[in-house]
Each structure stands twice: as structure tokens, then as C-alpha cells.
Amino acid sequence: PGKGKKDLHVLAPKPGAMAEVIVDVFAACPPRFTLMDAVVGMQGEGPAGGDPRQVGFLLASADAVALDAVMGAMMGCKPRQVRTTVVAADRGLGTADLDAIEIKGAPLGTAVQPGWKLPPGGAARRVVWSVVPSFLLRWAFHMAGSAHAVVDRKRCKRCGLCVRNCPVGALVETPRGIRSVPRRCIRCYCCAEVCPHKAIIMRRSPAGHAVKAVARMLRGRPPWTRQ
């Protein structure tokens, strides 16, 4: 939780290593039953920049790996394309073989979502992951993640959602408005996620902004945004 998310990204900066870390967390306490809400999904760039899309399904399974494999197929992913599903299956934590999964309810063929937009990941990004040493990527993640929340007072409506959802009290209400306490911020982004007015800015150093701009370009997105 909180800063721990950033620390794990620094520890495992490449997709393959991050998949191993995620499965480590899953393996520590595998769920007995998993329910996935796929009534409305998000396609494109996640976790907050994608587009909502009506899907209309609920998925349930005693095998969370099988459930992920089926959902991946519904999104148009090729077999063994989703790294976390592959790693979990290879460790024996569940099955990812669609031929070995019994599907009840709607047939998989009718549940597939045509034209589902997956997160961008072009050739340039793959080259970076394969060529750049892990220690440089760890530095880049550290710089990109070294930010703290700042309130845009022009956008802020003083609704208090950010204050109530900050787990460490890094945002406080004052007579002049909501202000941030940078030394308390753990960069969990809870405030930015709940703010309906887009009034939370994650302020980075110049080096952090440069690293973030490069990362956005590798995703095929414009290099500069408000945040």
C-alpha cells in the first residue's frame, strides 16, 4: 500500500520482473473464490486514463488464474500474452489453458469483445525494456515517482474528498482552502484518483518531469500534461 507500490516498481522495473512480483503477492494468500465485475470495463491506457466500455458480464471462479485467462481472451489477448497469467500458471497456481477450462454460462466465442483497445506498447518501448540496464530503469522509476500532491486552488471546490481519502493526512483543510503537507505524502495517488475536479497535481522535480515525458512518448502519448 501507499509508497510500497512505488518501491516495488523501483525493485522490479521491467515488465517480466514486475509480473513475478505481482504473482509473489498473489501466491502469499491465494483467494478461494474470485468474482470479477466486468459489467463496465476500461480499455486503452490505464489505470485512470482509459475509456469506459460496456461489457455486461460477471465472471466467477475458484481458480483466479483461469478467470484471468478467460478475461484476457475476451479482450482479444493472445495465449501467453498477459505476463502475470503466464507466470502464475507456470508456478502451478492455476491453469491458463483455455482448452482445460470449463466455462459455464455464455460461450467464450460470444463473450469476446471485438476491437478492444489494449494499452499501447510499441516497438520503441520493447527495445527500452530489452536494452536499458535495470539499474537505469530503477533510477528512472525513482525519479518519475518522486512527486508529492499539490492542490490547484483554481480548480479545487473544497469538497474535502481528498482530505478524507488521504491515509496519512498529507492534505488538510484550512480557512484559506485545502493545502498539502509534502513531507507526509507517500505518493499513493489516492487524492488524485478521487478528486472529481482534477485539482490534484503531482509535482515532480525537473529530472522527474523529463523521465515522465520520455515514458509517455514510449506509450505513444503526448510528452507533456498538467501533471
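For clarity, every value in this text was computed on a predicted model and none was experimentally measured.
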With salt bridge (charged side-chain N to carboxylate O under 4.0 Å, His left out) as the test, would you mind laying out the steps for Glu173 and Arg164 before giving the verdict?
-> CA-CA 10 Å; Glu173 292 189 71; Arg164 293 193 292 274; 5.5 Å; no

Does [X] reach the side chain of [Y], with side-chain heavy atoms less than 4.5 Å apart?
X: Arg53; Y: Met42; value: no
X: Leu58; Y: Val39; value: yes
X: Thr174; Y: Val172; value: yes
X: Thr85; Y: Arg80; value: no
X: Phe57; Y: Met36; value: no
X: Thr95; Y: Asp63; value: yes
X: Arg176; Y: Arg153; value: yes
X: Trp116; Y: Cys77; value: no

Cluster link [X] to [Y], ILVMFWY, side chain under 4.5 Å:
X: Val82; Y: Met75; result: no
X: Val65; Y: Val23; result: yes
X: Leu98; Y: Met71; result: yes
X: Leu118; Y: Val70; result: yes
X: Ile22; Y: Leu93; result: no

From Cys156 atom SG to His197 atom NE2, the distance as rounded to the nearest 0.5 Å |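 These two atoms lie 7.5 Å from each other.
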
Using every non-hydrogen atom in the two residues, find where [X] and [Y] come nearest and quote the distance to one decimal.
X: Arg184; Y: Gly169; result: NH1-O, 2.7 Å
X: Leu67; Y: Ser61; result: CD1-N, 3.8 Å
X: Ile101; Y: Ala96; result: CD1-C, 4.4 Å
X: Leu59; Y: Ala38; result: CD1-CB, 4.0 Å
X: Ala64; Y: Thr34; result: CB-OG1, 3.4 Å
X: Leu35; Y: Ala60; result: CD1-CB, 3.9 Å

Does the distance from a Lys or Arg side-chain N to an Asp or Glu carboxylate O, for Asp24 and Arg91, drop under 4.0 Å?
->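 Salt bridge flag = yes for Arg91 with Asp24.
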
Main-chain N/O of [Y] paired with [X] side-chain donor or acceptor, under 3.5 Å:
X: Gln43; Y: Gly41; answer: no
X: Gln81; Y: Lys78; answer: yes
X: Thr84; Y: Ala19; answer: no

Begin from the C-alpha positions of Leu171 and Arg179 and carry the test side chain to side chain contact (heavy atoms under 4.5 Å, CB included) through to its verdict.
-> CA-CA 6 Å; Leu171 292 157; Arg179 68 177 183 86; over 6 Å; no

Would Glu102 and Lys104 satisfy side chain to side chain contact (heavy atoms under 4.5 Å, CB included), going step by step from the backbone distance to the final call?
-> CA-CA 7 Å; Glu102 181 184 4; Lys104 296 183 178 180; 3.2 Å; yes

Under the side chain to side chain contact (heavy atoms under 4.5 Å, CB included) criterion, do Val168 and Cys185 qualify, and how do the steps go?
-> CA-CA 7 Å; Val168 293; Cys185 183; 6.0 Å; no

Using the side chain to side chain contact (heavy atoms under 4.5 Å, CB included) rule, take Val55 and Met74 through it: C-alpha gap first, then chi angles, then the decisive distance, then the call.
-> CA-CA 10 Å; Val55 180; Met74 289 174 58; 4.3 Å; yes

Only one of Leu161, Ile200, Val151, Val163 forms a side chain to side chain contact (heavy atoms under 4.5 Å, CB included) with Cys191, so which one is it?
->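 Between Cys191 and the candidates, side chain to side chain contact (heavy atoms under 4.5 Å, CB included) is satisfied uniquely by Ile200.
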
